[in-house]
**Student:** 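Below is a structure I'd like to ask you about.
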Amino acid sequence: MNIFADFQTHVAAILTGIVQDGRLPADLDLTRFVVEPPRDTTHGDLATNAAMVYAKEAKASFGSPRELATEIAFSLAKIETVDQAEVAGPGFINIRLKTVLLEKVLRQSILKRDDFGRGGLARVQDIGSVNVEYVSANPTGPMHVGHGRGAVFGDALAALLSFAGTEVAREYYINDAGAQVDVLARSAFMRYREALGETIGEIPEGLYPGDYLKPAGAALAAKYGRKLLDQPESEWLELVRTTTIDAMMDMIREDLAALNIKHDVFFSERSLTRGAQGDVIGAVIADLRARGIVYEGRLPPPKGQVIEDWEDREQTLFRSTEFGDDIDRPLMKSDGSYTYFAADIAYHKSKVDRGFTTLIDVWGADHGGYVKRMQAAVAAVSQGKAKLDVKLCQLVKLMRMGEPVKMSKRSGDFVTLREVVDEVGVDAVRFMMLFRKNDATLEFDLAKVIEQSRENPVFYVQYAHARGSSVMRQALAAFPDLDITPQALAEAKLDLLSDEGEQGLIKLIAQYPRQIDAAALAHEPHRIAFYLHELASAFHSHWNKGKDQPQLRFVNEERRELTLARLALISSLTGVLASGLRILGVSAPLEMR
RNA sequence: GCACCCGUAGCUCAGCUGGAUAGAGCGCUGCCCUCCGAAGGCAGAGGUCAGGGGUUCGAAUCCCUUCGGGUGCGCCA
């Protein structure tokens with residue numbers, strides 16, 4: 001249950017009443033106002049700006065926003081869960097709830113457990129089913145840390161959307177069709193020769209030098225012996241390419257699995273031209289050409305940079321300018337093959353054809369220049385029915401004690417994701433990747449994330465969960481026969497939770513469903529990480545008060561009823577922490593070791 | 001030259017799609033804690049929200065512009 005959403009409905013109903021009286025215009029957009037926690041908690045439990053938002057429309061019947069606010073507040077005050085509703089400032093309405101309502105929220109959060117906060121988005125609006133495409137790293141080597149950020153982000157976003165009540169598919173686009181996979185095949189072939197005892201020396205410029213191809217070469221040697229050695233490249237290329245891509249994808253899947261990431265669909269770019277459907281890209285282009293969106297034409301050379309071999313020629317162009325792009329985009333290379341963009345159009349059309357209406361692509365920030373054309377393409381192939389949101393993930397700067405980490409040469413010129421995961425663990429990697437907005441660069445300090453201190457947000461949040469669990473154990477030690485099942489806790493005398501700190505925690509817990517909805521709607525999983533940090537902080541802070549004021553401690557051996565009520569709060573709190581952490585893919589430990 | 005992203009406390013960053021007196025951690029200053037609910041606690045100082053204009057009841061948030069940083073700019077993916 002989401003009290004913010006509930007009161008959004010209440011206020012909308014009151015406004016509708018005023019509309020029916022003819023004192024507000026009939027076409028009033030009732031989604032414009034918000035019900036939110038007030039900045040200052042002394043103002044009350046909820047606040048709405050409704051009267052100010054509709055000030056203009058209300059001018060005819062109401063002298064000022066405050067006048068409209070007064071009328072809304074009057075109606076709100078009649079709701080039985082409302083203790084008080086008063087107008088403040090320029091026209092805010094501050095609502096103070098009866099404690100029974102917050103107690104009800106607490107009770108529900110205990111009884112619903114994992115379902116508290118779930119499914120809110122589905123009730124608010126129909127998002128349709130969502131396709132999240134993330135990682136999509138080229139199958140030419142192990143994943144590096146930058147890939148990891150996109151991977152964790154996409155995975156958490158998918159989990160968040162799913163929790164919020166939308167259908168979600170997690171998808172990986174395998175770029176297995178371009179020139180670089182041929183380079184991969186040639187690189188693997190070098191390792192194949194090496195595995196058969198040849199001295200290959202330095203890997204030639206332009207090929208992939210990394211050691212990670214050695215196993216692939218050895219596998220080829222084991223499978224084909226010396227058979228391929230004397231064949232021309234045209235004979236072995238496809239064979240080697242296919243097996244090597246498979247090996248690379250296995251490696252990538254392992255890297256992802258180490259982060260607990262699993263995709264539903266791996267979509268092969270190659271399948272768009274060589275699959276059962278034949279040349280899908282050609283078909284899509286033909287279709288768009290018939291609609292006048294693809295044409296033959298010339299492009300001006302780009303300004304501000306010199307392209308030496310610029311050749312002014314007529315080419316096949318996608319009319320992306322019609323959908324907001326800066327320039328029309330080529331679909332065919334001069335050698336007659338499709339551009340990457342052409343394939344990507346067909347791929348995104350496939351998503352649309354499979355029924356997705358919200359497409360989310362997670363890319364590295366260096367692909368920012370590609371966003372407009374892809375959105376144009378989605379608009380074109382879906383006839384405007386599907387929306388593409390592209391989430392760009394910025395760089396990750398690896399640090400150790402404040403110093404930049406030197407790049408390892410062992411497996412190329414980057415630090416692999418696997419190295420980092422092995423060093424600091426999944427939880428630290430996932431949480432830190434999400435404890436920042438996706439489009440802000442991220443400083444990741446390998447030393448700090450494993451520290452057990454307040455400075456380390458991963459530890460701080462996990463510790464809150466562990467501390468809560470520890471309270472439960474302590475309570476059972478003090479009252480061995482205590483029934484702490486959710487049913488029993490929900491029946492505790494929750495009105496005993498009268499301390500300011502306890503009330504603050506309850507109000508924060510009541511915000512969880514709203515945080516989920518807002519984060520899901522904005523496609524911003526980092527909000528959950530920050531919310532959890534805030535919740536943990538409030539808990540630790542209240543806990544610390546128990547040092548000077550023993551009467552605030554959760555377990556009170558003299559007062560069984562009070563202890564039970566406080567355990568109810570703890571149970572709700574750890575439930576929300578665990579729920580949020582699960583969305584982020586971070587474990588919620590029962591104790592810190 | 002053009003497009004996109006970023007610019008908030010000394011540092012690293014939030015700021016709930018336009019709301020009330022702009023927040024957190026680190027660092028800094030002061031006090032408390034060595035009778036373990038202290039893998040610390042409390043309090044305080046610190047801001048031209050890069051600069052300037054605009055939109056309106058109200059702007060860190062939206063628009064324009066300047067400056068500064070990043071990314072990209074047929075036939076790479």
Side-chain angles (χ1 to χ4, degrees), chain A residues 4 32 34 36-40 43 47-49 52-53 55-56 64-66 88-92 94 136-138 140 173 175 177-181 269 298-305 307 309-313 315 317 325-341 343-344 364-372 392 394-395 402 435-437 439-443 445 448 451-457 459-460 463 467 470-471 474 511 514-515 517-519 521-522 524 526-527 529-531 533-534 537 540-541 543-548 550 552-555 592:
Chain A
F4 299 92
R32 274 159 56 202
V34 294
E36 59 189 357
R39 184 179 296 276
D40 189 338
H43 290 151
T48 179
N49 60 357
M52 292 179 293
V53 167
K56 205 171 278 174
S64 68
R66 284 190 63 101
F92 284 101
N94 290 322
S136 298
N138 296 331
T140 53
Y173 183 50
N175 304 139
Q180 79 218 322
V181 286
E269 178 185 358
R298 291 171 187 279
L299 281 180
K303 289 177 179 161
Q305 68 160 24
I307 295 174
D309 56 347
W310 176 265
E311 171 199 355
D312 187 22
R313 65 178 179 92
Q315 51 187 339
L317 297 171
D325 198 2
D326 311 305
I327 196 166
D328 291 342
R329 305 292 178 176
L331 299 177
M332 311 285 285
K333 301 180 195 171
S334 54
D335 68 359
S337 62
Y338 298 119
T339 59
Y340 180 80
F341 180 50
D344 223 355
D366 54 342
H367 288 61
Y370 199 76
V371 174
K372 278 190 187 177
L392 299 176
Q394 266 290 357
L395 301 173
F435 200 57
R436 190 105 319 169
K437 248 184 334 200
D439 52 8
T441 54
L442 167 65
E443 274 194 22
D445 197 306
K448 278 190 183 161
E451 255 176 38
Q452 300 208 335
S453 74
R454 185 187 172 89
E455 276 185 63
N456 175 8
F459 167 77
Y460 198 62
Y463 184 36
R467 183 170 259 178
S470 145
V471 172
Q474 286 173 36
Q511 279 188 35
R514 179 173 179 274
Q515 295 282 350
D517 292 356
L521 208 55
E524 290 182 351
H526 77 272
R527 292 195 198 187
F530 279 94
Y531 166 78
H533 191 257
E534 190 184 350
S537 177
H540 288 311
S541 174
W543 172 276
N544 285 322
K545 280 194 221 152
K547 278 179 301 187
D548 297 333
L552 290 182
R553 297 184 180 185
F554 287 92
V555 178
M592 304 304 285

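Below, chains carry the letters A, B, ... as their sequence lines are ordered, and counting in each starts from 1.
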**Student:** Identify all pairs in which a protein N or O lies below 3.5 Å from an N or O of nucleotides 23-28 of chain B, and state each distance.
**Tutor:**
residue : atom : partner : partner atom : Å
B:G25   : OP1  : A:R454  : NH2          : 2.9

**Student:** Would you measure the distance from the C1' atom in B:C49 across to the matching atom in B:C62 and give it in whole Å?
**Tutor:**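 These two C1' atoms come out 16 Å apart once rounded.
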**Student:** What's the CD-P distance between A:E524 and B:U61, to the nearest Å?
**Tutor:**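 Between P of B:U61 and CD of A:E524: 17 Å.
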**Student:** If you compare every side-chain N and O of A:K56 against the phosphate oxygens of B:G58 (OP1, OP2), does one of them come in below 4.0 Å?
**Tutor:**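 Negative; the distance criterion is not met.
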**Student:** With no hydrogens and no angle check, is any side-chain donor or acceptor of A:N49 less than 3.5 Å from a backbone partner on A:V34?
**Tutor:**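 Confirmed, A:N49 side chain pairs with A:V34 backbone.
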**Student:** From the options B:A20, B:G41, B:C76, select the nucleotide whose nearest atom is closest to the side chain of A:K333.
**Tutor:**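 Looking only at side-chain atoms, A:K333 lies closest to B:C76.
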**Student:** Can you tell me the base-pairing partner of B:A59? Count Watson-Crick or G-U wobble geometry only, both distances below 3.5 Å, and say none if there is no partner.
**Tutor:**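 Across any shown strand, B:A59 pairs with none.
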**Student:** On the six-membered ring of A:F341, is A:R329 placed so that its NZ or CZ lies under 6.0 angstrom from the centre and within 45° of the ring axis?
**Tutor:**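 The answer is no; the distance or angle limit is not met.
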**Student:** What do you reckon, do A:F530 and the base of B:A14 stack, with centroid distance below 5.5 Å and planes below 30°?
**Tutor:**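 No, A:F530 does not stack on the base of B:A14.
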**Student:** Give A:M332 one of three labels, base, sugar-phosphate or nothing, depending on what nucleic acid heavy atoms sit under 4.0 Å from its own.
**Tutor:**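 Nothing, no heavy atom under 4.0 Å.
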**Student:** Is any side-chain nitrogen or oxygen of A:H526 closer than 4.0 Å to OP1 or OP2 of B:G15?
**Tutor:**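 Result: yes.
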**Student:** Does B:A20 have a Watson-Crick or wobble partner in any strand here, with both distances under 3.5 angstrom, and which is it?
**Tutor:**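 Base partner found: none.
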**Student:** C1' atom, B:C26 versus B:U65: distance in rounded Å?
**Tutor:**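 Here B:C26 and B:U65 have their C1' atoms 36 Å from each other.
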**Student:** So if I take every side-chain heavy atom of A:S334 and compare against B:G72, B:A3, B:C75, which nucleotide ends up nearest?
**Tutor:**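 My answer, after comparing the listed nucleotides, is B:C75.
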**Student:** Please work out whether the ring planes of A:Y463 and A:F459 are parallel, tilted or perpendicular, with thresholds of 30° and 60°.
**Tutor:**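 Rings of A:Y463 and A:F459: parallel, as their planes differ by under 30°.
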**Student:** Taking only side-chain nitrogens and oxygens of A:K437, does any of them come within less than 4.0 Å of OP1 or OP2 of B:G15?
**Tutor:**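 Indeed, a polar side-chain atom of A:K437 lies that close.
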**Student:** Please state how far atom CD1 in A:I327 lies from atom P in B:G1, giving the value in whole angstrom units.
**Tutor:**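 Distance, rounded to whole Å: 18 Å.
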**Student:** Measure distances between side-chain N and O atoms of A:Y463 and base N and O atoms of B:A39, and say whether any donor-acceptor pair falls under 3.5 Å.
**Tutor:**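 Yes.
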**Student:** The side chain of A:D439 lies closest to which of these nucleotides: B:C5, B:A77, B:A20?
**Tutor:**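 For the A:D439 side chain, the nearest candidate turns out to be B:C5.
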**Student:** When we call it a touch if two heavy atoms are under 4.0 Å apart, what does A:K545 touch: a base, just sugar-phosphate, or nothing?
**Tutor:**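 It contacts nothing in the nucleic acid.
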**Student:** Both distances under 3.5 Å, Watson-Crick or G-U wobble: report the partner of B:C73, or none.
**Tutor:**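 The base-pairing partner of B:C73, which may sit in any strand shown, is B:G1.
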**Student:** Base, sugar-phosphate alone, or nothing: which one does A:A440 contact when heavy atoms must sit under 4.0 Å apart?
**Tutor:**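 The answer is sugar-phosphate, as A:A440 gets under 4.0 Å only of primed atoms, P, OP1 or OP2.
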**Student:** With the side chain counted from C-beta on, respond yes when A:F4 and A:D517 share a heavy-atom pair under 4.5 Å apart, and no when they do not.
**Tutor:**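 Side chain of A:F4 against side chain of A:D517, heavy atoms only: no contact under 4.5 Å found.
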**Student:** Among the candidates B:A39, B:A77, B:A14, find the nucleotide nearest to the side-chain atoms of A:N138.
**Tutor:**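 Side chain of A:N138 sits closest to B:A77.
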**Student:** Reckon A:Q180 touches a base, only the sugar-phosphate, or nothing at all at heavy-atom distances under 4.0 Å?
**Tutor:**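 Sugar-phosphate only.
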**Student:** Using centres under 5.5 Å plus planes under 30 degrees as the test, is A:F92 stacked with B:A20?
**Tutor:**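 A:F92 vs B:A20: stacking yes.
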**Student:** Contact class for A:N49 (heavy atom, under 4.0 Å): base, sugar-phosphate, or nothing?
**Tutor:**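 Base: the residue A:N49, judged by heavy atoms under 4.0 Å, touches a nucleobase.
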**Student:** Between A:N544 and A:H540 (side chain of the first, backbone of the second, donor and acceptor by atom type, cut-off under 3.5 Å), is there such a pair?
**Tutor:**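 Yes, because the side chain of A:N544 sits within donor-acceptor range (under 3.5 Å) of the backbone of A:H540.
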**Student:** Work out how far the P atom of B:A3 is from that of B:G74, and round it to whole angstrom.
**Tutor:**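 Nearest-Å result for B:A3 against B:G74 at atom P: 16 Å.
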**Student:** Starting at CD of A:E269 and ending at P of B:C76, how long is that distance when rounded to a whole Å?
**Tutor:**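 Rounding to the nearest Å, CD of A:E269 and P of B:C76 are 12 Å apart.
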**Student:** Under 4.0 Å, heavy atoms only, any strand: does A:D328 hit a base, just the sugar-phosphate, or nothing?
**Tutor:**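 Nothing: the residue A:D328, judged by heavy atoms under 4.0 Å, touches no strand.
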**Student:** When we call it a touch if two heavy atoms are under 4.0 Å apart, what does A:G178 touch: a base, just sugar-phosphate, or nothing?
**Tutor:**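 A:G178: backbone/sugar contact only, no base atoms under 4.0 Å.
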**Student:** In whole Å, measure the gap between the P atoms of B:G53 and B:A59 for me.
**Tutor:**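 To the nearest whole Å, 14 Å.
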**Student:** Expressed as a whole number of angstroms, how long is the span from A:M52:CE to B:G19:C1'?
**Tutor:**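 The answer, rounded to whole Å, is 6 Å.
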**Student:** Between B:U61 and B:U55, how far apart are the two C1' atoms, rounded to whole Å?
**Tutor:**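 Nearest-Å result for B:U61 against B:U55 at atom C1': 13 Å.
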**Student:** Short question: side chain of A:R527, backbone of A:K437 - any donor-acceptor pair under 3.5 Å?
**Tutor:**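 No; judged by distance alone, with no hydrogens or angles, the pair does not exist.
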**Student:** Which nucleotide, B:A77, B:C16, B:A14, lies nearest any side-chain atom of A:A518?
**Tutor:**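 Of the options given, the side chain of A:A518 lies nearest B:C16.
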**Student:** When you measure from the side chain of A:E311, which nucleotide among B:G74, B:U21, B:G37 comes out closest?
**Tutor:**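 Among the listed nucleotides, the one closest to the side chain of A:E311 is B:G74.
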**Student:** Would you check if A:M332 and A:Y338 make a side-chain contact, meaning some heavy-atom pair closer than 4.5 Å?
**Tutor:**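 Yes - at least one pair of side-chain heavy atoms lies under 4.5 Å apart.
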**Student:** Assign A:V471 to base, sugar-phosphate, or nothing according to its heavy-atom contacts below 4.0 angstrom with the strands shown.
**Tutor:**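 The residue A:V471 makes no contact with any strand.
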**Student:** Once you apply a heavy-atom cut-off of 4.0 Å, does A:Y370 come out as touching a base, just sugar-phosphate, or nothing?
**Tutor:**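 The residue A:Y370 makes base contact.
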**Student:** Between B:A77, B:A20, B:C75, which one does the side chain of A:A47 approach most closely?
**Tutor:**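 Among the listed nucleotides, the one closest to the side chain of A:A47 is B:A20.
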**Student:** Given the C1' atoms of B:G44 and B:A50, what is the spacing between them in whole Å?
**Tutor:**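 These two C1' atoms come out 28 Å apart once rounded.
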**Student:** May I ask you to say what A:D344 touches in the nucleic acid, namely base, sugar-phosphate or nothing, with a heavy-atom cut-off under 4.0 Å?
**Tutor:**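 The residue A:D344 makes no contact with any strand.
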**Student:** If you take all heavy atoms of A:N175 and A:S136, which pair is closest and at what distance?
**Tutor:**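 Looks like OD1-O, 3.6 Å.
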**Student:** Side chain of A:D366 only, please: which of B:G74, B:U71, B:A20 is the nearest?
**Tutor:**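 Nearest to the side-chain atoms of A:D366, counting from C-beta on, is B:U71.
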**Student:** 5'-most contact on RNA chain B: A:E443 or A:D326, nearest heavy atom basis?
**Tutor:**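 With A:E443 and A:D326 compared, the 5'-side residue is A:D326.
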**Student:** Does A:P65 reach a base, just sugar-phosphate, or nothing at all? Heavy atoms under 4.0 Å.
**Tutor:**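 The answer is nothing, as A:P65 stays clear of every strand by at least 4.0 Å.
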**Student:** The side chain of A:F459 is closest to which nucleotide in this list: B:A39, B:C75, B:G37?
**Tutor:**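 For the A:F459 side chain, the nearest candidate turns out to be B:A39.
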**Student:** Any side-chain heavy atom of A:K448 within less than 4.5 Å of one from A:S453?
**Tutor:**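 No, their side chains stay 4.5 Å or more apart.
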**Student:** CD of A:E36 versus C1' of B:G19: gap in Å, rounded?
**Tutor:**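 Roughly 7 Å, once rounded to whole Å.
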**Student:** Looking only at atom C1', what distance separates B:A45 and B:G27, rounded to whole Å?
**Tutor:**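 B:A45 and B:G27 have their C1' atoms separated by 13 Å.
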**Student:** Atom CD of A:E443 and atom CZ of A:R436: how far apart are they, to the nearest 0.5 Å?
**Tutor:**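 Here the rounded value is 8.5 Å.
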**Student:** Work out how far the C1' atom of B:U21 is from that of B:C11, and round it to whole angstrom.
**Tutor:**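 Each nucleotide's C1' atom is 25 Å from the other's.
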**Student:** Measure CG/A:D548 against C1'/B:G40 and give the value in whole Å, please.
**Tutor:**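 Nearest whole value for this atom pair: 12 Å.
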**Student:** Check whether any side-chain N or O of A:R32 sits under 3.5 Å from a backbone N or O of A:V53 as a donor-acceptor pair, and report yes or no.
**Tutor:**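 Yes, because the side chain of A:R32 sits within donor-acceptor range (under 3.5 Å) of the backbone of A:V53.
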**Student:** Write down the distance between CZ (A:R436) and C1' (B:C6), rounded to a whole number of angstrom.
**Tutor:**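 So the two atoms are 14 Å apart, to the nearest Å.
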**Student:** Across all strands shown, which nucleotide pairs with B:A43 by Watson-Crick or G-U wobble geometry, both distances under 3.5 Å?
**Tutor:**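 Paired with B:U29.
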**Student:** Would you check if A:E269 and A:Y173 make a side-chain contact, meaning some heavy-atom pair closer than 4.5 Å?
**Tutor:**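 Yes - at least one pair of side-chain heavy atoms lies under 4.5 Å apart.
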**Student:** In this structure, how many angstroms lie between the P atom of B:A39 and the CD atom of A:Q452, rounded?
**Tutor:**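 Rounding to the nearest Å, CD of A:Q452 and P of B:A39 are 10 Å apart.
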**Student:** What does A:Y460 touch in the nucleic acid at a heavy-atom separation under 4.0 angstrom: a base, only the sugar-phosphate, or nothing?
**Tutor:**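 The residue A:Y460 makes no contact with any strand.
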